[in-house]
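Structure first, commentary second.
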Amino acid sequence: MANAPTKPTTVKKESSSASGMFATLTIPLCILTTILIFIFILADPSHYKGGDVAAGEPEDVFGIVHRGGYLVPLVMAYVLMVIVFSIERFIVIGKASGTASIDTFVRKVQGFLTAGNIDAASAECDKQKGSVANVIKSGLKKYREMELETTLDVDQKTLAIQKDIEEATALEMPMLEQNLTIIATLVSIGTLTGLLGTVIGMIKAFHELAGSGANTAALSSAISEALVNTALGISTSAISIVMYNVFTSKIDGLTYAIDETGFSIVSTFAATHKNK
């Protein structure tokens with residue numbers, strides 16, 4: 001049956017596995033990278049007055065960020081994860097869109113359908129490539145099969161085409177949403193980790209204030225730690241929210257294109273075969 005081809009299912013499983021492996025490797029690598037940056041770059045004595053990392057005042061932004069404490073590498077890793085996963089999603093969704101504009105592709109296919117030129121519509125899918133084109137081509141293939149089918153009535157044939165498009169969509173679309181949950185999770189976890197660093201910094205600051213003869217340098221260091229973590233946490237959440245919305249918007253656009261073209265395929269078949 002054309003409804004549930006074995007090969008595409010295998011391809012999608014392999015793609016899902018590769019995406020899962022990418023996430024499994026990316027997360028620890030990002031954390032390791034930011035730890036190394038924190039130790040060997042941000043903690044370099046050149047970023048502090050007199051080269052005194054422990055007691056010297058930061059001379060640049062690297063020293064200021066380093067003053068944020070040991071949660072800084074973790075929050076920095078979140079930012080790096082958002083960047084890496086965003087690049088990966090841009091590549092995947094770009095490939096799913098195909099070689100040309102989705103709107104242009106949809107208009108061409110609808111034009112061929114209106115003219116009754118199914119072969120030209122299928123050829124356009126071959127040129128477009130990508131997930132949207134794969135779904136539409138599957139529907140067109142089923143269209144041809146239903147034209148040769150003699151045991152079903154028009155309504156049954158139309159339903160079969162619609163079901164084939166839905167099944168093809170179910171195979172293609174989940175791949176686009178992979179790793180989006182990671183970006184969505186970073187929205188909240190980035191804020192919470194930054195807040196934790198803020199609280200730790202403020203605890204240190206109040207501890208200094210509570211002591212007799214509060215050390216101004218230690219007090220400012222504690223406040224700096226709190227504010228650095230706040231800034232990094234907010235930055236992580238802001239970037240994550242923007243990228244998540246960008247990707248969901250792109251996926252919604254692809255889904256709409258599939259629904260629109262799929263409806264055109266079903267409607268064309270019903271209209272041209274209603275009296276047969």
Side-chain angles (χ1 to χ4, degrees), residues 1-19 22 85-149 154 157-180 243 246-273 276:
M1 294 290 292
N3 292 24
T6 303
K7 187 174 180 181
T9 305
T10 303
V11 171
K12 295 302 170 294
K13 286 181 178 179
E14 291 176 352
S15 177
S16 176
S17 177
S19 182
F22 175 82
F85 283 115
S86 295
I87 293 172
E88 185 258 354
R89 286 295 91 191
F90 269 121
I91 294 172
V92 170
I93 294 176
K95 288 183 178 179
S97 300
T99 57
S101 167
I102 285 293
D103 292 336
T104 301
F105 167 70
V106 169
R107 286 196 298 270
K108 285 183 179 180
V109 171
Q110 289 177 330
F112 289 132
L113 287 172
T114 301
N117 194 341
I118 306 303
D119 292 334
S122 182
E124 191 64 33
C125 292
D126 291 332
K127 291 192 296 181
Q128 177 71 12
K129 300 180 182 179
S131 295
V132 176
N134 290 342
V135 173
I136 301 309
K137 186 175 180 179
S138 177
L140 293 173
K141 181 179 178 182
K142 194 66 177 178
Y143 186 108
R144 282 300 191 198
E145 290 179 7
M146 291 299 101
E147 284 187 320
L148 301 176
E149 177 62 54
V154 175
K157 291 178 181 180
T158 301
L159 184 61
I161 296 172
Q162 183 177 351
K163 183 179 178 182
D164 186 88
I165 294 173
E166 290 173 354
E167 290 180 353
T169 302
L171 287 174
E172 294 283 349
M173 289 297 106
M175 176 184 65
L176 303 181
E177 298 176 352
Q178 288 181 340
N179 296 333
L180 281 186
M243 298 316 301
V246 167
F247 294 131
T248 53
S249 177
K250 286 180 176 292
I251 292 172
D252 288 344
L254 296 181
T255 303
Y256 177 77
I258 289 174
D259 291 342
E260 183 182 4
T261 312
F263 178 77
S264 297
I265 293 173
V266 173
S267 299
T268 300
F269 185 90
T272 54
H273 296 77
K276 295 182 181 181

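Worth saying up front: this structure is predicted, and the values here are computed from it rather than measured.
Considering all non-hydrogen atoms of both residues, Val132 and Ala257 come closest at CG1-CB, 4.5 Å. Here the closest non-hydrogen pair linking Ile165 and Gly262 is CD1-CA, 3.7 Å. Of all heavy-atom pairs between Thr268 and Leu113, the closest is CG2-O, 3.5 Å. Of all non-hydrogen atoms in Asn117 and Ala120, the two that sit nearest each other are OD1-N, 3.0 Å. Of all non-hydrogen atoms in Asp164 and Ser138, the two that sit nearest each other are OD2-OG, 2.6 Å. Heavy atoms only, all atoms of each residue included: Ile161 and Tyr143 are closest at CD1-CA, 3.9 Å.
The CD atom of Gln128 sits 5.0 Å away from the CD1 atom of Ile102 when rounded to the nearest 0.5 Å. Atom-to-atom distance recorded for Ile136:CD1 and Ser131:OG is 11.0 Å, nearest 0.5 angstrom. Rounding to the nearest 0.5 angstrom, the gap separating the CD atom in Glu88 from the CZ atom in Phe22 is 5.0 Å. Atoms CZ and CG, on Phe247 and Leu176 in that order, are 11.5 Å from each other to the nearest 0.5 Å. We find the CD1-CD distance between Ile265 and Gln110 to be 9.5 Å, quoted to the nearest 0.5 Å. Rounding to the nearest 0.5 Å places SG of Cys125 at 11.5 Å from NZ of Lys108.
Using a 4.5 Å heavy-atom cutoff, the side chains of Lys250 and Phe90 are in contact.
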Fill in: Thr99/Lys127 under side-chain contact (heavy atoms from CB on, under 4.5 Å): CA gap, chis, key distance, verdict
CA-CA 8 Å; Thr99 57; Lys127 291 192 296 181; 5.6 Å; no
Practice prompt. Mind running side-chain contact (heavy atoms from CB on, under 4.5 Å) on Lys129 and Phe105 for me, showing each step along the way?
Written response: CA-CA 10 Å; Lys129 300 180 182 179; Phe105 167 70; over 6 Å; no
Discussion item. One pair to check against side-chain contact (heavy atoms from CB on, under 4.5 Å): Ile251 and Leu180. What are the steps and the verdict?
Written reply: CA-CA 11 Å; Ile251 292 172; Leu180 281 186; 3.6 Å; yes
Item to complete: Before giving the answer on salt bridge (Lys or Arg N to Asp or Glu O under 4.0 Å), spell out for Glu145 and Lys142 the whole-Å C-alpha distance, their side-chain angles and the decisive distance to 0.1 Å.
Response: CA-CA 5 Å; Glu145 290 179 7; Lys142 194 66 177 178; 3.5 Å; yes
Item to complete: Could you walk me through whether Ile93 and Leu254 pass the side-chain contact (heavy atoms from CB on, under 4.5 Å) test, one step at a time?
Response: CA-CA 9 Å; Ile93 294 176; Leu254 296 181; 4.2 Å; yes
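Atom NZ of Lys157 has more than 12 heavy atoms from other residues, nucleotides or ligands within 6.0 Å.
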